[in-house]
Asker: 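Mind looking over this structure? Questions follow.
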2 protein chains.
Amino acid sequence: MTRPPPSDAGMELDGFFPYRLALLADAVSRSMAQIYAERFDLSRDEWRVLAALAGTSPARTAMVIERTTLDKVSVSRALARMESKGLVTRDTDPQDSRGRLIRLLPAGRALFRKIVPMVRSREAFLLEGLEPAERAALDAAIDKLLQRSRQLARQG
Amino acid sequence: MTRPPPSDAGMELDGFFPYRLALLADAVSRSMAQIYAERFDLSRDEWRVLAALAGTSPARTAMVIERTTLDKVSVSRALARMESKGLVTRDTDPQDSRGRLIRLLPAGRALFRKIVPMVRSREAFLLEGLEPAERAALDAAIDKLLQRSRQLARQG
DNA sequence: TATTGTTATACTCTATAACTATA
DNA sequence: TATAGTTATAGAGTATAACAATA
């Protein structure tokens, strides 16, 4: 029987899952931001909102919030910037005039169409490095870990 | 044969690997920060520096930088805060008086010993949800993806 | 009273460059 | 001239609360 190492033996960050995950997410995020941010001057939030709208436009702001997992302040600011860039319009929702209907303009859709193949190709490059079984396991693992980490975060 | 979906069909963020990874990393990071930040008032950088020093103290600042993958500015600031909290000392390195030797004080080590089992236990809770094969695949996948994403980020 | 979205505020992080002192 | 580490600065992102308009 081997004993667990004493808790003050030094905690190898390299072997600590949350640390490894943070490094990976940061590197992946940077490699994607090179496309939407550096080449097309979109913030991460603007990019997410654009992707959400490309699927359903017009959309109520609440739907954008739900589909991007951003909060209402971030979405409101991202949309304001996108409106000023001529990517979307924001009209009052006739069904509930507290809300707004966000419409992707042709310039917004065109921008989206330019970006998608580039980020998809980067995504493909990343995942090509994995065996099919590894990739399936990764996918399943992400879902399970997400659930569990949210459970931890909720219970404090 | 099925065709790939047209690139403007809407890009389901939920199925986009970088997005899923970002959500996961954020949730995991928050669940860990609840320990070191909320309960023990350490920033993420301070926590990383503490972990690095617990393994090797005294250490030259350059070594801390290397072991935490933080930049020298972040490390310098984290160490300044840690010194003011009485967790470390920073003496001039007698071998090269441009550099400093960072020494973990008893209070720093005691703090580290309190935190480690708590974050380890959260890490274990997260990973318990995975099959052993899934976990091995996840581990391998993280390494491969990290390499590839850094390659992308480097080439721009 | 509650909800939608906007604005305000303060705070933290990040990136970069400039600087001091040593080598 | 180069390196170790610090300080300065500006910009971006984050969290929270307060607010106006509407339901």
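Protein chains get the first letters and strands the later ones, always in sequence-line order, with residue 1 at the start of each. Because the structure is a prediction, the values reported are computed rather than measured.
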Asker: What is the distance from CG of A/Asp26 to C1' of C/dT14, rounded to the nearest Å?
Answerer: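 Computing the A/Asp26:CG to C/dT14:C1' distance gives 11 Å.
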Asker: Could you give the CG-to-P distance, from A/Asp71 to D/dT14, as a whole number of Å?
Answerer: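 One finds 9 Å between P of D/dT14 and CG of A/Asp71, rounded.
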Asker: D/dG13 C1' sits how many Å from A/Leu42 CG, rounded?
Answerer: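 My rounded result for the distance is 16 Å.
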Asker: Which nucleotide sits closest to the side chain of A/Asp96: D/dA23, C/dT16, D/dA15?
Answerer: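 Between D/dA23, C/dT16, D/dA15, the one nearest the side chain of A/Asp96 would be D/dA23.
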Asker: Look at the rings of A/Trp47 and B/Phe16 and say which category their plane angle falls in: under 30° parallel, 30 to 60° tilted, over 60° perpendicular.
Answerer: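 A/Trp47 and B/Phe16: perpendicular rings.
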Asker: Rounded to whole angstroms, how far apart are CZ on B/Arg77 and P on C/dT14?
Answerer: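 Whole-Å distance recorded here is 11 Å.
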Asker: Can a donor-acceptor pair under 3.5 Å be found between the side-chain atoms of B/Arg90 and the base atoms of D/dA4?
Answerer: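 Such a pair does not exist between side chain and base.
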Asker: Using the side-chain heavy atoms of B/Arg100, tell me which of these nucleotides is nearest: D/dT6, C/dA23, C/dT4.
Answerer: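 Nearest to the side-chain atoms of B/Arg100, counting from C-beta on, is D/dT6.
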Asker: A/Ser43 side chain: which of D/dG13, D/dT16, C/dA23 is closest?
Answerer: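 Nearest listed nucleotide: D/dG13.
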Asker: I want to verify a distance call: between C/dT6, D/dT6, C/dT14, whose nearest atom is closest to the B/Arg44 side chain?
Answerer: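 For the B/Arg44 side chain, the nearest candidate turns out to be C/dT14.
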Asker: Would you indicate what B/Arg81 reaches in the nucleic acid, counting non-hydrogen atoms under 4.0 angstrom: base, sugar-phosphate, or nothing?
Answerer: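 No contact.
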Asker: Among D/dT3, C/dT16, C/dG5, which nucleotide has an atom closest to any side-chain atom of B/Arg98?
Answerer: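 Nearest to the side chain of B/Arg98 among the choices is D/dT3.
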Asker: Tell me which of A/Leu101 and B/Asp93 sits closer to the 5' end of DNA chain C, going by the nucleotide each one is nearest to.
Answerer: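 With A/Leu101 and B/Asp93 compared, the 5'-side residue is A/Leu101.
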Asker: Judged by atom type as modelled, is there a donor-acceptor pair below 3.5 Å linking the side chain of A/Thr56 to the main-chain atoms of A/Ala59?
Answerer: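 Such a contact is absent between A/Thr56 side chain and A/Ala59 backbone.
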Asker: Taking atom P of C/dT12 as reference, at what distance in whole Å does atom CG of B/Asp45 sit?
Answerer: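 Going from CG in B/Asp45 over to P in C/dT12 covers 13 Å.
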Asker: Please classify the nucleic acid contact of B/Val75 as base, sugar-phosphate, or nothing, using heavy-atom distances under 4.0 Å.
Answerer: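 Result for B/Val75 = nothing.
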Asker: So which nucleotide from C/dT22, D/dA23, C/dA8 ends up closest to the side chain of A/Ser97?
Answerer: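 The answer is D/dA23.
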Asker: Mind listing the side-chain donor-acceptor pairs of residues 146-156 of chain B below 3.5 Å, one per line with the distance, residues two or more places apart or on another chain?
Answerer:
| from | atom 1 | to | atom 2 | distance (Å) |
| --- | --- | --- | --- | --- |
| B/Arg148 | NH1 | A/Phe125 | O | 2.4 |
| B/Ser149 | OG | B/Leu145 | O | 2.9 |
| B/Ser149 | OG | B/Leu146 | O | 3.1 |

Asker: From CE of A/Met63 over to P of C/dG5, roughly how many Å is that when rounded to an integer?
Answerer: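 One finds 11 Å between P of C/dG5 and CE of A/Met63, rounded.
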Asker: Hey, are B/Arg60 and B/Gln95 close enough side-chain-wise for a donor-acceptor pair under 3.5 Å?
Answerer: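 No, because no side-chain N or O of B/Gln95 sits under 3.5 Å from a partner of the opposite role on B/Arg60.
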Asker: Between D/dT6 atom P and B/Asp91 atom CG, what is the distance in whole Å?
Answerer: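 Interatomic distance, CG of B/Asp91 to P of D/dT6: 12 Å.
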Asker: Rounded to the nearest 0.5 Å, how far apart are CD1 of B/Ile102 and CZ of B/Arg90?
Answerer: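 Rounded to the nearest 0.5 Å, the CD1-CZ separation comes out at 6.5 Å.
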Asker: Check the distance between D/dA4's P and B/Gln95's CD and give it to me in whole angstrom.
Answerer: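 Distance check: B/Gln95 CD to D/dA4 P gives 14 Å.
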Asker: With nearest nucleotides of DNA chain D determined for A/Ser74 and B/Lys72 from heavy-atom distances, which residue corresponds to the more 5′ nucleotide?
Answerer: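 Result of the comparison: B/Lys72.
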Asker: How about A/Ser74 and A/Asp71: does a side-chain donor come under 3.5 Å of a side-chain acceptor?
Answerer: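 Side-chain D/A pair, A/Ser74 to A/Asp71: present.
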Asker: Both A/Pro94 and B/Gly99 contact DNA chain D. Taking the nearest nucleotide for each, which residue is further toward the 5' end?
Answerer: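 Closer to the 5' end of DNA chain D: B/Gly99.
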Asker: Just checking A/Ala62: base, sugar-phosphate only, or nothing, at a heavy-atom cut-off of under 4.0 Å?
Answerer: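 Result for A/Ala62 = sugar-phosphate.
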